[in-house]
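Computed from heavy atoms alone, side chains included, the values below leave out hydrogens, waters and symmetry copies. All residue numbers in this chain count up from 1 along the given sequence. It should be emphasised that the depicted structure is a prediction, and the values quoted were computed from it without experimental measurement.
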Amino acid sequence: MGFHALDWLVFAGYLVMVMVIGSWFARRQVNTSEYFTAGKRVHWLPVSISILATVFSGISFIGHPARVYRYDSAMIAWPFAMLITTPIVIYVLLPFYSRLNVTTAYEYLEKRFGLNVRLIASSLFIGKRLFWMALVALAPSLALSAIVGLPVTWCILIIGIIATLYTGLGGMHAVIWTDAIQFIVLMLGQCLVIIMVAVRLDGGLGEIWSVGVADHKAWASLEWNLSAATFWTFLIAGVFLSLSDLGADQVTVQRLMCTKDQSAAAKALWFNCLFKFPAMIILLGMGVALWVFYKVHPECLPMESADYDKIVPYFTVHEMPVGVSGLVIAAIFAAAMSSFDSGL
């Protein structure tokens, strides 16, 4: 159907909304505690949603469904990995951070081993996050540029400048609340894609499921083969990655320090763990839905297999109604900015 004026209006409205939220929280910035930990009084629910939004980046929004389209849904192992690591973080690491009353995980390293160890660890973190932020901005920009026609440089500038402005103005308050709203936009965009596919199929959601299972898209290999991308390899990798992300990464630790006490932080982690299941099912389900749609309507997909990484924005622009396309593209930008502001 193409990208129309109404789509641009919806997209622009979303960008204005996040800037207004950042500006609103700017007036609260009176000291460093307020800026970096939101005065330690943020409710656990937006903190938990903010952690979720950080993990579900623009790369996830575009890349995970594309992986399902090419292969299978083995990445469903990630939430199971979090079931293993979340109790470790809550009962071992969280009390540790609370006792120390730190703002960063690296303050402990200085207390225990000295300044040099702290500087090395924090430098590694900053380097990792700088590369991560670059990918978070670049990957969706490449896909959006190819489909929507917006230059890659403009996409990167939109993500980078707006996220930097509202983060700089509003501090952690702005980051947490914009992340929460952006995650809602992100989830809405994913659900709309699945709904639009179901409406276009005679069998609706049932057909998506049955064809997805038959074609090994709504499926994960349980073969014990550590050299292949199976459920078990994703589970093992997920345990180590989530233990790092939840337990030691400043992106998460700083958010947990924004809650009023250890109990609230634990609730945020449990909600993050449990809600990861439906969130991942919807994300991977979007890939299954797109596979079924283009199997039924192969004439609608002129692209080669090398371009399947663009399958989500392509469907959004060419198959979704005017206005809804703008909302889904806004969701892709929301996913990118909710990760970018966390790195900042």
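Between Thr54 and Arg255 there is a side-chain heavy-atom pair separated by less than 4.5 Å. Side chains of Met172 and Thr37 form no contact here, defined as non-hydrogen atoms less than 4.5 Å apart. Side-chain contact check for Asp7 versus Val322: some heavy-atom pair is nearer than 4.5 Å. Leu52 is not listed as a side-chain neighbour of Asp179, based on a closest heavy-atom distance of 4.5 Å or more. Residues Thr164 and Ile161 fail the side-chain proximity criterion, which asks for heavy atoms closer than 4.5 Å. In this structure, the side chains of Val328 and Phe61 come closer than 4.5 Å at one or more pairs of heavy atoms. Side-chain contact between Leu83 and Phe277 is present, with at least one heavy-atom pair separated by less than 4.5 Å. You'll find the side chain of Phe183 reaches within 4.5 Å of the side chain of Phe275, heavy atoms only.
Ile311 and Leu284 fall within a single hydrophobic cluster, where Ile, Leu, Val, Met, Phe, Trp and Tyr are joined by side-chain heavy atoms under 4.5 Å apart, directly or via other members. If you chain together hydrophobic residues whose side chains sit under 4.5 Å apart, Ile181 and Val18 fall into the same group. When hydrophobic clusters are built by joining Ile, Leu, Val, Met, Phe, Trp and Tyr residues whose side-chain heavy atoms come closer than 4.5 Å, directly or via intermediates, Leu243 is grouped together with Tyr106. In terms of hydrophobic clustering, with Ile, Leu, Val, Met, Phe, Trp and Tyr side chains grouped at heavy-atom distances under 4.5 Å, Val10 and Met196 are assigned to a common cluster. In this structure, Leu188 is a member of the same hydrophobic cluster as Ile281, with clusters built from ILVMFWY side-chain heavy atoms closer than 4.5 Å.
Across every non-hydrogen atom of Ile62 and Asp309, the tightest pair is CG2-O, 3.0 Å. Nearest heavy-atom pair across Gln262 and Leu94 is O-CD2, 3.7 Å. The two residues Met286 and Pro65 have their closest heavy-atom pair at CE-CG, 3.4 Å. Shown here for Pro79 and Lys276, the closest heavy-atom pair between the two residues is CG-O, 3.8 Å. Across all non-hydrogen atoms, the minimal contact from Gly287 to Val68 is C-CG1, 3.8 Å. Scanning both residues, Leu109 and Ala121, for their nearest heavy atoms gives CD1-CB, 3.4 Å.
Ring geometry for Phe80 versus Phe231: interplanar angle over 60°, hence perpendicular rather than tilted (30 to 60°). Between Trp177 and Phe25, the ring planes are parallel. Angles under 30° get that label, and only those over 60° would be called perpendicular.
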Original post:
Going through the checks in order, is the ring-ring contact (aromatic ring centres under 6.0 Å, His included) test met by Phe333 and Tyr14?
Top reply: CA-CA 9 Å; Phe333 272 85; Tyr14 158 74; 7.9 Å; no
**OP:** Begin from the C-alpha positions of Ile156 and Leu138 and carry the test side-chain contact (heavy atoms from CB on, under 4.5 Å) through to its verdict.
**Re:** CA-CA 6 Å; Ile156 293 173; Leu138 176 63; 4.0 Å; yes
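Remark: Asp202 CG is loosely packed, at most 12 non-hydrogen atoms of other residues, nucleotides or ligands lying under 6.0 Å away. More than 12 heavy atoms of other shown residues, nucleotides or ligands fall within 6.0 angstrom of atom CH2 in Trp219. Within a 6.0 Å radius of NZ in Lys40, other residues, nucleotides and ligands contribute more than 12 heavy atoms. Shown here is Trp132, whose CH2 atom has more than 12 heavy atoms of other residues, nucleotides or ligands within 6.0 Å. The neighbour count for Trp232 CH2, taken as heavy atoms of other residues, nucleotides or ligands under 6.0 Å away, does not exceed 12.
Remark: Asp72 engages Arg67 in a salt bridge, criterion side-chain N to carboxylate O under 4.0 Å. Under the 4.0 Å criterion applied to side-chain N and carboxylate O atoms, Arg200 and Glu207 are not assigned as salt-bridge partners.
Using a distance-only test at 3.5 Å, with no hydrogens or angles considered, no donor-acceptor pair links the side chain of Lys260 to the main chain of Val42. Using a distance-only test at 3.5 Å, with no hydrogens or angles considered, a donor-acceptor pair links the side chain of Ser338 to the main chain of Ala53. A donor-acceptor contact shorter than 3.5 Å is absent between the side chain of Thr233 and the backbone of Leu226. Judged purely by atom type and a 3.5 angstrom limit, Ser244 has no side-chain atom pairing as donor or acceptor with the backbone of Phe240. Within the 3.5 Å criterion, the main-chain N or O of Trp270 finds no donor-acceptor partner in the side chain of Thr86.
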